[in-house]
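Note sheet for the following structure.
As a basis for the values below, the full set of heavy atoms in this structure was taken, side chains included, without hydrogen atoms, waters or symmetry mates. What you see is a predicted model, and the numbers here were worked out from it, not measured in a lab.
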Amino acid sequence: MAAFAAIGAAGGTASGQPGGTGAWFTDRAAASGLDFVHFNGMSGEFYLAEIIGPGGALLDFDNDGDLDVYLVQGQMIGPGKTLDHALAAPSRAGLPLTDRLYRNDLEIHPDGTRTLRFVDVTAGSGLDAASYGMGVATGDVDNDGWVDVYRIGLGDNQLFRNDGDGTFTDVTGQTGTNDPRWTVAAAFVDFDRDGWLDLYVGNYVDPRLDDEPACFSRTGEKDYCGPNRYPPAPDRVYRNRGDGTFADVTLDALRGGDFGPTLGVVAVDVDADGWADLYVASDGEPNQLWMNRRDGSFENAAWLAGAAVNRDGRAEGSMGVDAGDFDADGDDDLFMTHIATETNTLYVNDGLGLFEDRTVRVGLGPPSLPYTGFGTGWFDFDNDGWLDLLIANGEIRTMEALAQANDPFPLHQRNQLFRNLGNGRFADVTDDAGKVFELSEVSRGAAFGDVDNDGDVDVLLTNNNAPVRLLINGLGHRNRWVGLRLVGAAGRDMLGARVALFRDSGPVLWRRARTDGSYASAADPRVLIGLGRTAAVDRVRVVWPDAAVEEWGDVAIDRWTTLTQGTGRSVE
């Protein structure tokens, strides 16, 4: 049977269109206690790493049923650099310069209203980060039911084991998961279907801080260099042995070693064979689609699959990436963010793992041309059953108009929100989304999850050299919804599990449990499915990572429900 979480339902009547009273999204970071301000360590040397981070994570580290927040911090960069060399002193809210863990002390009142409050519990947590932070990946690596944290950055990566008592232990050395390169992306995935989460580490470039190349803007001023001025760093694959250690199996797993400067990675079964594949975003180089060969190895099939370059045959400055079934045809499609003058790119899956670039046809091309996108995600912000898109924007090269206006950080841009119209096209609804979308900042990471447990997806937005934003969704819970947490017998979130929701009308809705994708960030592993006007759910089918299939017919609407593998009706 399904176990029903006693966290309440959201009120409101079903509606097919966004509307009603109140803002669609409201920034509640400062008001709820998220006082984090990122520091990038700019010293006038134009080190590329200064503008590449940060990301963040939504995770339930204390298993109390609500999402907590982990944020990575920067430092000074370069030989001999101290805070005395910083162009701007770090904000008091950012001191000391450490990563931050915030516990969510959500209160749900009898009338259904909520009080959202975060408490900084970093001190004494054991989360002692040692390098310049870029991002974070989350997953339960030891199958004990407590989510662990893999912190990535410029320098040594660190794996922190969740001890289940509010503290973490650095187990990097004993697990063999350190990578001293510049890591911006990482993903946990059980690629060999043995019941243990393995780890993909996506490395960017060799920064060569002691021999930084010189690059210049169009007006001849010193500026940041692109990735093509640095040698790319190879990615890594670590297989979980199940005994508390990992093996570096890169040479056997990634046959051919075709690496680019990685900024994003998502694990998804693109050809529906029951085995997780890996799509890797390479900045300025052809992307990789590592197809799982079911023997512990992968083969890069991006060129044959039509997902290496865009429809014009050009490699793009790929940063963020996500996979989702936006057209409700039962397979996962790919979305990429890119630099200004390029479009973001939508690759539509034919169901067999072959892709077509339909960016312009669906209306996502021209609106992205002026922007440089980083974090992104497929999420149904209005719970109408169709996956929408958010893009976190911020430049990497000086914007001349801002520089001429003496802007101290001339890289900021607005973020964007696109609504899926359900007819194969998207509408830019940024201007309707709330005042937080009027802000112009240098946004990077985007993590998605239901922070206040009210039945819609909220967004944690991380900004470079600026405060974090928490976009609370005020719209989605006006429609009906189903919330699912998919766990194994030991209580581990079963990343990679696919969910099919059958309803009394409309197409079957497919979603998957994951924490990866976007950019340098980790998301809520739970699955939230918007129902629009649907009043009843016929059944829910789960395809588990080991290919076992089960169904439940007693899943409630407007509630969070936990489904445990082995407790449903087996389906052949």
Side-chain angles (χ1 to χ4, degrees), residues 40-41 45 47-55 57 70 72-81 97-99 126-139 141 148-161 168-188 197-213 225 227 229-241 244-254 257-265 278 280-283 285 516 519-522:
N40 68 9
E45 299 289 345
Y47 293 121
L48 181 57
E50 297 169 358
I51 58 166
I52 295 300
Y70 184 95
V72 298
Q73 184 58 287
Q75 302 173 355
M76 295 303 299
I77 303 177
K81 290 292 189 295
L97 292 176
T98 61
D99 292 4
L127 293 168
D128 299 321
S131 63
Y132 188 106
M134 286 291 152
V136 61
T138 57
V141 301
D148 307 301
V149 171
Y150 189 66
R151 194 265 195 182
I152 57 180
L154 179 64
D156 292 332
N157 296 333
Q158 293 170 274
L159 177 61
F160 292 100
R161 183 191 66 214
F168 292 78
T169 298
D170 186 340
V171 294
T172 313
Q174 66 194 65
T175 58
T177 52
N178 180 38
D179 192 320
R181 300 169 182 85
W182 181 3
T183 305
V184 182
F188 285 107
L197 288 178
D198 310 299
L199 176 63
Y200 188 96
V201 175
N203 292 315
Y204 191 38
V205 298
D206 179 356
R208 298 187 175 179
L209 298 179
D210 56 350
D211 187 23
E212 185 75 8
C225 294
R229 297 297 301 274
Y230 308 85
D235 294 351
R236 285 289 178 264
V237 177
Y238 297 95
R239 183 177 61 81
N240 192 335
R241 294 189 177 104
T245 66
F246 288 73
D248 185 341
V249 295
T250 308
L251 293 179
D252 292 328
L254 302 183
D258 188 11
F259 303 113
T262 297
L263 285 179
V265 60
L278 294 158
V280 179
S282 296
D283 188 6
E285 299 290 338
D516 59 8
Y519 177 83
S521 299

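In this structure Arg208 satisfies the salt bridge (Lys or Arg N to Asp or Glu O under 4.0 Å) test together with Asp206, sequence neighbours excluded. In this view, Asp283 satisfies the salt bridge (Lys or Arg N to Asp or Glu O under 4.0 Å) rule with no residue, not counting sequence neighbours. Evaluation of the salt bridge (Lys or Arg N to Asp or Glu O under 4.0 Å) rule for Arg181 yields Asp179 as partners, not counting sequence neighbours. Annotation: ring pair (Phe, Tyr, Trp, His ring centres under 6.0 Å) contacts of Tyr70 (sequence neighbours excluded): none. Residues satisfying the salt bridge (Lys or Arg N to Asp or Glu O under 4.0 Å) criterion with Asp248, sequence neighbours excluded, are Arg236. Residues meeting the side-chain hydrogen bond (donor to acceptor under 3.5 Å, both in side chains) test with Tyr238, sequence neighbours left out: none. For Pro232, the side-chain contact (heavy atoms from CB on, under 4.5 Å) test picks out Pro261, with sequence neighbours left out. Applying the side-chain hydrogen bond (donor to acceptor under 3.5 Å, both in side chains) test to Thr98 and every residue at least two apart in sequence or in another chain returns nothing. Listed by chain and residue number, Asn157, Asn203 satisfy the side-chain hydrogen bond (donor to acceptor under 3.5 Å, both in side chains) test with Thr183 (two or more places apart in sequence, or in another chain). Partners of Phe188 under the ring pair (Phe, Tyr, Trp, His ring centres under 6.0 Å) rule, at least two apart in sequence or in another chain, do not exist in this structure. Among residues two or more places apart in sequence or in another chain, the side-chain hydrogen bond (donor to acceptor under 3.5 Å, both in side chains) test is passed with Arg229 by none.
Annotation: the span from Leu154 atom CG to Ile52 atom CD1 amounts to 10.5 Å, rounded to 0.5 Å.
Exactly one of Thr175, Leu197, Val141 qualifies for a side chain to side chain contact (heavy atoms under 4.5 Å, CB included) with Asp148. That residue is Val141.
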Result block: side-chain N/O donor-acceptor pairs under 3.5 angstrom for residues 73-81, not counting sequence neighbours:
from: Gln73; atom 1: OE1; to: Phe39; atom 2: N; distance (Å): 2.8
from: Gln73; atom 1: NE2; to: Val37; atom 2: O; distance (Å): 3.1
from: Gln75; atom 1: NE2; to: Ser131; atom 2: O; distance (Å): 3.3

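Counting heavy atoms from C-beta outward, Tyr204 and Met134 have side chains that stay 4.5 Å or more apart.
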